[in-house]
Structure formats: structure tokens, C-alpha cells
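Below, read A as the first sequence line, B as the second, and so on, with proteins coming before strands; counting in each chain starts at 1.
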There are 2 protein chains.
Amino acid sequence: MSTNKGKLSLKTAEIEKISHLDYFNIAVSVDCVIFGYEQNEFKVLLIESDLEEFKGKLSLLGDLVRPDEDLDSASYRILKERTGLDDVYLQQVHTFGAIQRHPSGRVITTAYYSLVNINHHQLKISDNQVHWHNVADIRAMAFDHKQILDTCHEMLRSHIMEHPVIFNLLPEKFSLRLLQDLYEAILGVQLDRRNFRKKISLKDWVQDLDEMETDVPHRPGKLYKAKAKMSNGTITGVI
Amino acid sequence: MSTNKGKLSLKTAEIEKISHLDYFNIAVSVDCVIFGYEQNEFKVLLIESDLEEFKGKLSLLGDLVRPDEDLDSASYRILKERTGLDDVYLQQVHTFGAIQRHPSGRVITTAYYSLVNINHHQLKISDNQVHWHNVADIRAMAFDHKQILDTCHEMLRSHIMEHPVIFNLLPEKFSLRLLQDLYEAILGVQLDRRNFRKKISLKDWVQDLDEMETDVPHRPGKLYKAKAKMSNGTITGVI
DNA sequence: TCAAAAGTGTTGACTTTACACCCATGA
DNA sequence: TCATGGGTGTAAAGTCAACACTTTTGA
């Protein structure tokens with residue numbers, strides 16, 4: 001009895017699907033803010049927009065999500081297609097859904113930031129329209145991509161003091177000086193060397209390799225490697 | 001010259017739209033995790049799922065995003081439709097996009113948490129399938145909604161010590177005891193009363209009303225009101 | 001021997017935690 | 001007068017910020 005009565009008011013998934021068809025008309029995309037670091041510059045990988053509306057403007061690397069792939073998988077695919085890398089750190093940041101954000105129609109986009117080592121042997125930029133740009137120099141961009149970039153940069157800032165994600169931007173072996181320069185580039189502030197080294201050593205994120213820098217025109221520093229590098233998007237215990 | 005050459009390789013938005021049509025087949029929804037607080041219990045507003053697949057299971061309040069509304073507007077609309085409230089705190093948290101998360105087809109959903117005062121005179125739950133549930137008691141839910149709830153709860157935990165958002169859950173006038181109980185309910189820990197009061201008074205979030213509790217079976221406490229209540233989704237300077 | 005950066009400790013200010021007693025009210 | 005929670009201060013521990021000199025290397 002009550003089962004029958006219940007069934008009358010319940011929809012099956014199949015019926016609901018039909019009644020929802022009108023709504024399957026928003027496209028879903030993923031945009032990757034791919035950060036890198038090289039020669040004391042904090043950089044982001046961008047392409048020139050191929051839309052006439054944004055001719056000459058810089059754009060993030062993104063793509064529509066395929067019907068048969070997870071949202072996270074889409075960002076991994078974009079990374080892989082654009083850089084050849086597949087062991088990357090990816091972090092979802094925010095979804096941007098203003099009606100008019102894309103001139104081609106209604107497209108909402110989920111932004112991820114990712115951190116790659118620009119000098120990774122596997123890194124291969126396939127498209128010669130794609131280049132690294134100094135984050136500090138970037139002004140206008142296509143779509144709402146400047147806002148997306150800023151949001152991701154800000155999210156990264158708030159992560160790096162709490163989580164060992166930053167090592168994904170560095171080579172296997174690095175000096176504390178390099179690490180500090182990178183923190184300063186991302187945070188946009190100067191840090192005291194002694195306090196910085198104290199803080200890092202307390203966090204137990206790096207391991208002394210008993211090796212030294214070579215070919216530096218001054219006293220060489222010790223080299224370290226990341227002890228607890230996070231290589232894939234879940235920040236344990238947070239968010 | 002270079003303009004013509006450029007144009008050949010540029011797509012217009014109109015042309016791109018057509019080539020993208022195949023992809024307009026992912027539905028986009030918004031789910032609201034509406035938190036409240038009453039009688040020393042941290043609560044969330046849920047409905048019984050109307051899908052046969054999840055019969056009897058609890059579900060968040062959500063809806064498909066309309067083609068002509070912003071993502072954020074959709075969450076405001078859901079809040080308004082379900083609670084009658086329109087001056088609410090809403091915060092986007094995360095977008096969930098696993099392929100199989102919805103039995104009706106491919107639906108990605110953006111989760112927002114919102115904070116409402118359960119005793120607000122304007123609050124009117126329209127649907128009698130919708131009820132407040134103690135967050136601590138909730139086990140299985142429909143879809144991936146338990147995971148969404150947990151993610152939003154965790155995000156709220158990390159916000160409340162830094163930002164004056166919690167007052168959205170309380171009546172206009174409240175005692176510090178009530179405020180502390182609420183913090184403890186959300187954080188799931190006990191707090192020292194003296195230290196808690198010190199911390200709150202340092203933050204300059206509340207204003208002494210020079211009024212006292214009434215009808216309490218013990219010494220009445222002072223009443224306060226929020227000085228810096230944030231009523232709408234942007235957390236300044238963070239994220 | 002000079003220039004450049006590496007490496008290292010201490011002090012004071014501030015923040016956080018732990019903790020105990022008296023007070024005001026209603027029953 | 002009792003039970004209940006309100007209201008308050010201090011001391012110790014820990015964290016953070018500021019700051020200067022010696023060492024090692026290559027040129």
C-alpha cells in the first residue's frame with residue numbers, strides 16, 4: 001500500500017532525464033592555471049586566444065569537459081595535452097558562472113591551478129602559440145581569465161605556508177636560497193633569511209642531500225630535496 | 001596584411017558555437033548546504049529525495065541552473081524559493097563533477113554553503129518534505145551529498161575563526177555563551193570560556209548592547225549584536 | 001683580497017594556553 | 001541557601017620578528 005502510494009509521487013531517473021532536457025544547454029569547461037618558476041620569475045603558461053573577439057589577448061589553457069570524463073580528469077587531460085606531463089599537482093579553485101563570460105554562448109568554467117617544473121625533462125609544449133609569461137607582468141586577458149588567474153594566485157598564496165606544494169615548481173635538488181626566492185616571488189614580499197630557514201626546518205618538508213651547489217660565483221649552498229612533496233590535488237586535512 | 005593572415009586562422013564565436021554543440025549535454029546544478037543553529041544543535045536543511053533510486057534518502061536542496069542565470073544567482077534563487085530568505089550569507093565551496101554522480105545523466109554540481117537564522121521571522125519552509133537535521137546525526141545521503149555536506153562543513157570550520165560569518169546563524173541579540181556554544185558545535189571541540197571571550201573581544205566583531213538575558217535560571221549574561229556581520233558571499237581578502 | 005651569498009642565535013614582543021575564584025540570579 | 005552559569009586576570013610556554021657577524025667560494 002504505502003509502497004504503491006509512494007511510487008506514484010516518485011520520479012524515476014529516466015523520467016526526470018527527459019523533463020530536464022531543456023536544461024542541457026550550458027557548456028562546461030575547465031581552465032588550468034599552470035604555474036612555473038624559472039630564473040627568479042614566477043610564471044604562468046598561456047596561449048593567445050583564437051577567438052576573433054579576443055584577438056591578441058592572452059588566455060588560459062582550457063577545454064570543454066567531455067561527456068564521458070570527470071571534471072578532474074578533464075584538467076589532467078588538458079595538462080597532459082599541453083605539457084606532456086602527467087605527474088602534476090592540480091587543485092580545484094573556483095567555478096566561474098556569469099552568464100556573459102563567454103561570447104560563444106553559455107559556458108561555465110571550473111578553474112584549477114597546477115604547479116609544474118619548467119625544466120622537467122618530460123615537459124614538451126606542443127603548441128608554438130603557448131608560452132610562459134611572468135605573472136607580475138600580465139594585464140588584460142581574454143574572457144574573465146585575469147580574474148581567474150588572480151583567484152588562483154591568491155589561493156596558491158594561502159596554501160604554500162601550510163602545505164608542501166611548492167616543491168612541484170622546483171627541480172629535484174634545490175638550495176634554500178632558491179626555495180626562498182620562490183616563496184618571495186609568489187607572496188610578493190621579502191622574507192628574512194634566518195627566520196625563513198628556521199620555519200622551513202621546523203616543518204620537516206625538506207631533506208638534506210649532503211651535496212653542494214656547483215658553479216656558483218660565491219660560497220655554494222647545501223642542496224635539499226622535498227621530503228613530503230604532494231603531487232596530486234588533494235590537500236590532506238584541508239578544504 | 002598581417003590582419004588578413006590573422007583572420008584566416010581565427011574562429012569567430014559564432015562558428016565556435018556550432019562546433020561545440022555536441023558538448024552542450026552536461027547539465028549544471030547548484031546544491032545549497034543550508035546551515036542553521038537551534039537549541040544547541042548545528043543543523044542542516046534537507047529534503048527527502050524524490051528519485052526512486054534514492055527513495056527515503058536525504059538530499060541537499062538544489063536545482064539545475066537556468067540558461068539565463070548566473071551560477072551565484074541560482075544559489076540565491078534556491079535559498080529564496082526554499083526558505084523565503086533573501087539576505088543570506090552564501091559561499092561557493094567546490095564543484096563536484098564525477099561522471100556517475102547523478103543517475104539521471106551527466107550533471108555537475110557546484111556546492112554552496114549558506115548560513116541562516118532558523119528563527120528569522122521571514123523564514124518559511126515551503127515544502128513539508130523539507131526539514132532541519134542535526135548535522136552530527138547524518139549518515140548516508142542521496143547522490144554524493146554526504147561528501148558535499150562534509151566538504152562544506154570543513155570549509156565552514158576553516159572560515160569561522162578568521163571571518164565574522166557565524167553571526168548569520170544567530171538571532172540579532174545573543175549572549176557570548178550562545179556564541180561559544182555555536183563555535184563548539186561547528187568545530188566539534190570544547191573551548192575555554194575565558195580565552196574564548198578574550199579572543200572574540202580582540203576581534204572587534206561584536207558590540208555590547210547594554211542589555212541582559214531574561215528568563216534564565218541563573219545569573220543573566222550580557223547581550224551583544226554583530227558589528228561586522230557579513231551577509232553576502234565574498235570573504236574579503238581571503239581565498 | 002674582494003665580492004657575493006651561505007650559514008647561524010638571541011632578544012623582546014606578542015600570542016596562546018592553562019587555570020580558580022567571586023558574583024548575580026531564580027528556584 | 002543552593003545550583004547554575006556569568007564574569008574576570010595572571011603566569012608560563014610558545015611563536016614571531018628583528019637583527020649582525022663569520023665563513024666559504026670564485027674571480
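Counting heavy atoms from C-beta outward, R101(B) and V107(B) have side chains that approach closer than 4.5 Å. W205(B) is not listed as a side-chain neighbour of L179(B), based on a closest heavy-atom distance of 4.5 Å or more. Within the 4.5 Å cutoff, the side chain of L71(A) has heavy atoms near those of the V65(A) side chain. In this structure the side chain of V116(B) reaches within 4.5 angstrom of the side chain of L79(B), judged on heavy atoms. Side-chain contact check for I148(B) versus T109(B): some heavy-atom pair is nearer than 4.5 Å. Between L123(B) and N117(B), every side-chain heavy-atom pair lies at or beyond the 4.5 Å cut-off.
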Report, as a single string ordered 5' to 3', how protein heavy atoms within less than 4.0 Å touch nucleotides 10-20 of chain D: B base, S sugar-phosphate only, - not at all.
-> B------BBBB
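Note: CG (L176(B)) to P (dT8(D)) measures 9 Å, nearest angstrom. Spacing between atom CD of E213(A) and atom P of dT24(D) amounts to 16 Å, rounded to whole angstrom units. Distance CD1 (I200(B)) to P (dG6(D)): 15 Å, rounded to an integer number of Å. In this entry the distance linking CD of Q190(B) with P of dT17(C) reads 15 Å, nearest Å. Distance, D208(A) CG to dG7(C) C1': 13 Å, rounded to whole Å.
More than 12 heavy-atom neighbours from other residues, nucleotides or ligands sit within 6.0 angstrom of NZ on K203(A). Atom NZ of K146(B) has more than 12 heavy atoms from other residues, nucleotides or ligands within 6.0 Å.
Taking every heavy atom of residues 177-188 of chain A and every atom of DNA chain C, pairs under 4.0 Å involve R177(A), by number.
The aromatic rings of H145(A) and F143(A) sit tilted, their planes meeting at an angle between 30° and 60°. Ring planes of H153(A) and F42(A): tilted class, angle from 30 to 60°.
Taking the six-membered ring for Trp and the full ring otherwise, the centers of F174(B) and F167(B) sit less than 6.0 Å from each other.
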Scan nucleotides 24-26 of chain C against the protein and return all N/O pairs shorter than 3.5 Å with their distances rounded to 0.1 Å.
{"unit_1": "dA24(C)", "atom_1": "O4'", "unit_2": "R219(B)", "atom_2": "NE", "d": "3.4"}

